[in-house]
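Letters go in sequence order (proteins before strands), and every chain restarts at 1.
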Amino acid sequence: MNEVRVRFPPSPTGYLHIGGARTAIYNWLFARKHNGKLILRIEDTDAERSTQESIEGIIDGLTWLGIDWDEGPYFQSEHAAEHQAAAERLLATGHAYKCFCTKEELEAKREAARAAKTGDYRYDKTCRRLSPEEVAAKEAAGLPYVVRFKVPEEAGGVRFHDVVYGDIERAYDDIEDFVIVRSNGRPLYLLCNVVDDIRDRITHIIRGQDGLVNTPRQILLYRALGAEPPVFAHMPLTLDTKKRKISKRTHGEVVAVQYYREIGFLPWALVNFLVLLGWSPGDDREIFSREELIEAFSLERINRANSVFNYQKGDPKFITDPKALTINAHYLRAMPVAELAPLVEKELRKAGIWKEDWGENGKERAWFLRVIDLIRSRFHTLKDFATLGRAYFDDEFEIEAKAIKKNLAKHPQLKEWLPELADRLAAVEPFTAENIENTLRRFAEEKGAKPGVPINGLRTVVTGRLAGPGIFDVILAVGKERTVARLRRAPALFV
RNA sequence: GGCCCCUUCGUCUAGCGGUCUAGGACACCGGCCUCUCACGCCGGCGACACGGGUUCGAGUCCCGUAGGGGUCACCA
């Protein structure tokens, strides 16, 4: 078999959204699995809607995800001459014809078809019936025309085998004589796409199921152009909870790849989540390293049914599909701390609370890594380190209202106790988890309180949070000095 | 409306005629752990859209119905 060559051809009319990213991921996985090539081709034929900003956004998104390509980006617009030449050839070989029908005429016919409720909106082939003389006359009159492809009028149809959907057959009679060149002389997507795929020697077209109905027409073009059609694999679409196709327009940022970077996702976690939308390895595995995923992936195991991106708009607890969050959290606590550290650093820098001592060769590097490891198991995104975990890194931090209410206000004695505890802890030597624990427990006993009372009060004052890691480790991480200082400030929190 | 595709727990899915009283993951609920929460572990809730066939036997094959999706541009 020849080298596998696949392509990801986004049209640069917005940011990279998760549906597009998923298509790119499947193509990338397939290319990597077969030691093939992934070609990035920007389909910018629609000049009015294409923007440089969008192109950069797409490339930026792919790069962030770790999807690397082997060729390109190529730009469809640079091959306009080639597309036109192909159209000329089709005309010359009798595979296409000029159609002088105006938009208004066509629209009127479609309107009539709608009114007649026949469901037949196909072009009626008026111009296919024109005699050479009539065509010459219209041309001489300078009438504008589009070029239409001559779909065979014989019985039968186009059949092909889709790797995902199986054998597909479409009767010639159901395919209308489609337009391949606009009246302004510019070829349309259907033709451009085929011409580009032939030139780029694409062997497998892996795309969304919305491209399935285009396939028979494209196969007709391949044949007319004398080229062998590639293998097709259509993947199911991603829908929202109302079963609508997800789109930038109606869903906004939650479907933008960029958004996931902003809310603190690990790129690989997103990839891992997206690949599971419509594909499964056939066993129970759901978490994959890059190598494992490439090894496990296959087009044959792509599902045929559309999947739902389970995002409940307006639910503050779930900023995206809960499974995506879970997968991200999994990587956050399972990945090597050394790999996580630079990502946390970025977040702390953004929050303006980064200290150079925590850096690669900083003198508090070990402490920094230890703290990350201590707090990461209850975080879902990288953002959490700078928000929920802020108290470990900076003295300025919010104290949760819930925590004040539950852990402080309910036990007014703590207003006196906490400063007392500060003195006790200040005297602990050496400052070890064991000694801290003994001190705390003895203190509770003396006061006739349950250990949880001073402990949770202390947690609130020291970390600002209702919940967190084991308190003795927390105190050790925050350090004697800061813990004592925060306890001394505690009375101010009581009204 | 025409054509095409799809249909297993709320969501993602396993299942390729008998091993299915349908398995896993997320979410949810309960328990253990415990200073709290999370992690982890244990347990619970929860699905084969419906109706006909075929077969000794159907979630798995066929047909129909219903529902959902895609597409019907001089967009890509």
Under 4.0 Å protein heavy-atom contact, by nucleotide of nucleotides 35-43 of chain B - B base, S sugar-phosphate only: BBBBSS---
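- Residues that satisfy the ring pair (Phe, Tyr, Trp, His ring centres under 6.0 Å) test with A:Phe431, not counting sequence neighbours, are absent from this structure.
- B:C9 and B:C3: their C1' atoms are spaced 33 Å apart (whole Å).
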Check nucleotides 60-66 of chain B for protein N or O atoms closer than 3.5 Å to its own N or O atoms and list the pairs.
none

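- Rounded to a whole Å, the CG atom of A:Leu325 is 9 Å from the P atom of B:A27.
- Between B:C4 and B:A49, the distance separating the two P atoms is 23 Å to the nearest Å.
- Taking 4.0 angstrom as the limit, A:Arg122 places none of its side-chain polar atoms (N or O) nearer than this to OP1 or OP2 of B:C3.
- Closest to the side chain of A:Leu212, out of B:G70, B:C5, B:C74, is B:C5.
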Readout for nucleotides 8-13 of chain B: B = base within 4.0 Å of protein heavy atom, S = sugar-phosphate only, - = neither; 5' to 3' it is ---SBS
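- The side chain of A:Leu239 sits closest to B:G69 out of B:G69, B:C5, B:A76.
- Picking from B:C3, B:G69, B:C74 the nucleotide with the shortest atom distance to the side chain of A:Asp174 gives B:C3.
- Comparing B:G70, B:C74, B:G24 against the side chain of A:Asp284 picks out B:G24 as the nearest.
- Figure legend: A:Arg148 and A:Tyr123 shown as a cation-pi pair, the cationic atom lying under 6.0 angstrom from the six-membered ring centre and within 45 degrees of its axis.
- Distance check on atom C1': B:C48 versus B:C6 gives 15 Å, rounded to whole Å.
- A search for ring pair (Phe, Tyr, Trp, His ring centres under 6.0 Å) contacts involving A:Phe178 returns A:Phe149, not counting sequence neighbours.
- Of the residues near RNA chain B, A:Glu43 and A:Asp120, the one whose nearest nucleotide (by heavy atom distance) lies more toward the 5' end is A:Asp120.
- A cation-pi arrangement is present between A:Arg22 and A:Tyr26 under the rule of less than 6.0 angstrom and at most 45 degrees off the ring axis.
- The ring pair (Phe, Tyr, Trp, His ring centres under 6.0 Å) search around A:Phe379 returns A:Phe385, not counting sequence neighbours.
- B:U54 and B:C61 are spaced 8 Å apart, taking the C1' atom of each and rounding to whole Å.
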Contacts under 3.5 Å, N or O only, protein and nucleotides 28-32 of chain B:
residue, atom, partner, partner atom, Å
B:C28, OP1, A:Lys317, NZ, 2.8

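- A donor-acceptor contact closer than 3.5 angstrom is absent between the side chains of A:Asp44 and A:Ser50.
- For the side-chain hydrogen bond (donor to acceptor under 3.5 Å, both in side chains) test, residues two or more places apart in sequence or in another chain that qualify with A:Glu169 are A:Arg159.
- Distance A:His161 NE2 to B:C4 P: 18 Å, rounded to the nearest Å.
- Looking only at side-chain heavy atoms (C-beta outward), A:Thr126 and A:Phe100 stay at 4.5 Å or farther from each other.
- B:C37 and B:G44 are spaced 24 Å apart, taking the P atom of each and rounding to whole Å.
- Atom P of nucleotide B:U71 and atom CD of A:Gln209 are separated by 8 Å, given to the nearest angstrom.
- Taking the ring pair (Phe, Tyr, Trp, His ring centres under 6.0 Å) definition, one finds that A:Phe318 meets it with nothing, sequence neighbours left out.
- For the P atom pair drawn from B:A66 and B:G23, the interatomic distance equals 32 Å after rounding to whole Å.
- Annotation: salt bridge (charged side-chain N to carboxylate O under 4.0 Å, His left out) contacts involving residues 433-443 of chain A, sequence neighbours excluded, comprise A:Glu437-A:Arg441.
- Annotation: B:U71 and B:U8 have their C1' atoms spaced 27 Å apart (nearest Å).
- When the nearest nucleotides of RNA chain B are assigned to A:Thr326 and A:Ile168 by heavy-atom distance, the more 5′-ward of the two goes with A:Ile168.
- Remark: the A:Asp196 side chain and the A:Tyr74 side chain contain no N/O donor-acceptor pair separated by less than 3.5 Å.
- Residues A:Phe288 and A:Leu276 meet the side-chain proximity criterion, which asks for heavy atoms closer than 4.5 Å.
- Spacing of P atoms, B:U11 relative to B:G68, comes out at 15 Å, to the nearest Å.
- Note on residues 208-220 of chain A: pairs passing side-chain hydrogen bond (donor to acceptor under 3.5 Å, both in side chains), not counting sequence neighbours, are A:Asn193-A:Gln218, A:Arg207-A:Thr215, A:Arg207-A:Gln218, A:Asp210-A:Lys245, A:Asn214-A:Arg217, A:Thr215-A:His234.
- No hydrogens or angles considered: nothing links the side chains of A:Thr250 and A:Arg244 as a donor-acceptor pair under 3.5 Å.
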Side-chain polar contacts of residues 461-478 of chain A - donor-acceptor pairs under 3.5 angstrom, sequence neighbours left out - could you list them?
residue, atom, partner, partner atom, Å
A:Thr463, OG1, A:Arg459, O, 2.7
A:Thr463, OG1, A:Arg465, N, 3.2
A:Arg465, NH2, A:Glu400, OE2, 3.3

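- Closest approach to the A:Val213 side chain among B:A76, B:A73, B:U71 is made by B:U71 (side chain taken as heavy atoms from C-beta onward).
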